[in-house]
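Since the structure comes first, as structure tokens, the remarks are kept for the end.
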Amino acid sequence: MARILVVEDEAIVAMGITHKLESMGHSVVETVSTGKDAIMACRVHEPDLVLMDIVLKGEMDGIEAARRIRDQFNIPIIYLTAYADEEMLTRAKVTEPYGYIVKPFKSSELNANIEMAIYRHRSAMRERELMKKQIISDFYNFILNAMPSTEADEDAIRELLSGIFRDRITQELGPRFKAHMEEYPDDDLLEAYLAWVADIFEGFTVRVGFLEDEENVYVEFENCPWLEDARKNPGFCLNCEAILKLSFEWSELPGDFRAMGQIARGDDRCLFRFGVK
């Protein structure tokens, strides 16, 4: 059975939903009443599924909370609501929910939606893992095939590879970047960009960490799937650098981009700086 987070700002309704879930054998990890608390609860509990009331009190409604949970944690969400107007449905669809239940609902309807959502999400995750393996294989072969003659000097290699990577990145990632950024409000530009960075490199099985100070945001690659190859072949690090540099230009964020450390240069990690504050 599933571990479920319930997001509902009416206490009596939340208690009723919890009772229904537990009677069906599910475990309720927590009930929260705001979008901010929902995001925090997902970070703490890592539930299998979120039941999200669309209309929440406070600055963040359920749709915005669902979008952030999807981007940060990839947890399936089922909306619960007493409202079903066209504008709300249109906004909700953008967050790609796994279900939409109008209150009041029956226990059988709720359970069917939960089981289907978990099944679909697990199937999607298996497909995603297969895609990741193919992406990593394609990336590896592309780097090796793109390498110029070993007789060329290092600066010539870097210049040639940077051009090759820029063309391919623009073609393959440009449309995805535009679609991603259009989902975010203008005042969340930096948050939107960093979410895109984390998602893209997750596809390469690279864990991305973010650090901040008063003027900068630092992007640290916490692992490298091609560690030994990257130490011998600058193409691996140059491609990752090109993705960050080019996408930062696309974002139109103020400031500058700089590579602070790279495995190909003998450093023990790859670290990049965005001077955006």
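Heavy atoms only: backbone and side chains are in, while hydrogens, waters and symmetry mates are out.
The shortest heavy-atom contact between Pro175 and Gln171 is CD-O, 3.7 Å. Among all heavy-atom pairs drawn from Pro47 and Ile75, the shortest one is O-CG2, 3.6 Å. In plain terms, the two heavy atoms of Cys237 and Ala264 that are nearest each other are SG-N, 3.3 Å. The nearest pair of heavy atoms linking Ile114 to Ala2 is CG2-CB, 4.5 Å. Among all heavy-atom pairs drawn from Val206 and Pro225, the shortest one is CG2-CD, 3.6 Å.
In this structure, the ring pair (Phe, Tyr, Trp, His ring centres under 6.0 Å) partners of His121, at least two apart in sequence or on a different chain, are Tyr98. Partners of Phe248 under the ring pair (Phe, Tyr, Trp, His ring centres under 6.0 Å) rule, at least two apart in sequence or in another chain, are Phe274. Scanning for ring pair (Phe, Tyr, Trp, His ring centres under 6.0 Å) contacts around Phe177 gives Trp196, Trp250, with sequence neighbours left out. For Tyr184, the ring pair (Phe, Tyr, Trp, His ring centres under 6.0 Å) test picks out His180, with sequence neighbours left out.
Taking CG of Leu189 as the reference point, atom OG of Ser251 lies at 6.0 Å (rounded to 0.5 Å). Atom CD1 of Ile200 and atom SG of Cys240 lie 11.5 Å apart (nearest 0.5 Å). Cys42 contributes atom SG, which lies 13.5 Å from atom CZ of Arg70 (distance to the nearest 0.5 angstrom). Rounding to the nearest 0.5 Å places OG1 of Thr81 at 14.0 Å from CD1 of Ile78. Note that SG of Cys224 and CZ of Phe236 are 8.0 Å apart. Values are rounded to the nearest 0.5 Å. Rounded to the nearest 0.5 Å, atoms OG1 (Thr18) and CG (Leu51) are 9.0 Å apart.
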Task: Derivation of the side-chain contact (heavy atoms from CB on, under 4.5 Å) call for Phe221 and Leu244 - done: CA-CA 12 Å; Phe221 290 176; Leu244 289 174; 4.0 Å; yes
Task: Test log, rule side chain to side chain donor-acceptor pair (under 3.5 Å), inputs Ser108 and Asn111 - done: CA-CA 5 Å; Ser108 57; Asn111 197 45; over 6 Å; no
Open item on the list: If you apply the rule side-chain contact (heavy atoms from CB on, under 4.5 Å), what do you find for Val208 with Val219, and how did you get there?
Closed with: CA-CA 7 Å; Val208 178; Val219 178; 3.6 Å; yes
Task: Intermediate values then yes/no, side-chain contact (heavy atoms from CB on, under 4.5 Å), Leu56 and Ser33 - done: CA-CA 7 Å; Leu56 298 174; Ser33 59; over 6 Å; no
- [ ] Dump the intermediate steps for salt bridge (Lys or Arg N to Asp or Glu O under 4.0 Å) on Arg273 and Glu215, then the final yes or no.
- [x] CA-CA 10 Å; Arg273 176 187 65 81; Glu215 298 180 352; over 6 Å; no
- [ ] Show the numbers, then the answer: is there a side chain to side chain donor-acceptor pair (under 3.5 Å) between Arg126 and Ser123?
- [x] CA-CA 5 Å; Arg126 285 193 294 270; Ser123 296; 3.2 Å; yes
TODO: Might you work through the side-chain contact (heavy atoms from CB on, under 4.5 Å) test for Leu227 and Ile263, ending with a clear yes or no?
DONE: CA-CA 8 Å; Leu227 183 61; Ile263 291 172; 3.5 Å; yes
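Side-chain heavy atoms closer than 4.5 Å link hydrophobic residues (I, L, V, M, F, W, Y) into clusters, and following such links, possibly through other members, connects Val276 to Phe257. Clustering ILVMFWY residues whenever any of their side-chain heavy atoms sit less than 4.5 angstrom apart, transitively, puts Met40 in a cluster other than the one holding Met52. Linking ILVMFWY side-chain heavy atoms closer than 4.5 Å, directly or via other members, places Ile77 and Val32 in a single hydrophobic cluster. Leu194 and Ile243 end up in the same hydrophobic cluster when Ile, Leu, Val, Met, Phe, Trp and Tyr side chains are linked at under 4.5 Å. Taken together through direct or relayed side-chain contacts under 4.5 Å among Ile, Leu, Val, Met, Phe, Trp and Tyr, Val7 and Leu110 form parts of separate hydrophobic clusters.
Proximity of Ile39 to Met60: side-chain heavy atoms (C-beta onward) are separated by under 4.5 Å at one or more points. Arg120 is listed as a side-chain neighbour of Met116, based on a closest heavy-atom distance under 4.5 Å. For the pair Tyr100 and Ile54, the minimum side-chain heavy-atom distance is below 4.5 Å.
With respect to Lys178, the side-chain contact (heavy atoms from CB on, under 4.5 Å) criterion is satisfied by exactly one of Arg176, Met181, Glu182: Glu182. A side-chain contact (heavy atoms from CB on, under 4.5 Å) with Ile118 holds for exactly one of Asn113, Leu49, Ile4; it is Leu49.
Shown here is Met260, whose CE atom has more than 12 heavy atoms of other residues, nucleotides or ligands within 6.0 Å. At most 12 non-hydrogen atoms from other residues, nucleotides or ligands lie less than 6.0 angstrom from CZ of Arg258. Other residues, nucleotides and ligands contribute more than 12 heavy atoms inside 6.0 Å of the NE2 atom of His45. Heavy atoms of other residues, nucleotides or ligands lying less than 6.0 angstrom from CZ of Arg3 number more than 12.
Looking only at atom types and distance, the side chain of Tyr79 has a donor-acceptor partner in the side chain of Thr95 under 3.5 Å away.
Comment: Arg231 engages Glu228 in a salt bridge, judged by a side-chain N to carboxylate O separation of less than 4.0 angstrom. Between Arg269 and Glu220, at least one side-chain N (NZ, or NE/NH1/NH2) sits under 4.0 Å from a carboxylate O, which counts as a salt bridge. A salt bridge links Arg68 to Asp188: at least one charged side-chain nitrogen sits closer than 4.0 Å to a carboxylate oxygen. Remark: Lys245 does not engage Glu249 in a salt bridge, criterion side-chain N to carboxylate O under 4.0 Å.
Annotation: salt bridge (charged side-chain N to carboxylate O under 4.0 Å, His left out) contacts involving residues 9-36, sequence neighbours excluded, are absent. Among pairs with a residue in residues 41-60, those fulfilling salt bridge (charged side-chain N to carboxylate O under 4.0 Å, His left out) read Asp53-Lys103, at least two apart in sequence or across chains.
Between the side chain of Asp61 and the backbone N or O of Gly35, no donor-acceptor pair lies under 3.5 Å. No side-chain donor-acceptor contact under 3.5 Å links Asp71 to the backbone of Ala195. Side-chain N or O atoms of His26 include none that pairs as donor or acceptor with a backbone N or O of Met1 at under 3.5 Å.
Taking the six-membered ring where the residue is Trp, the centroids of Phe210 and Tyr218 are separated by 6.0 Å or more.
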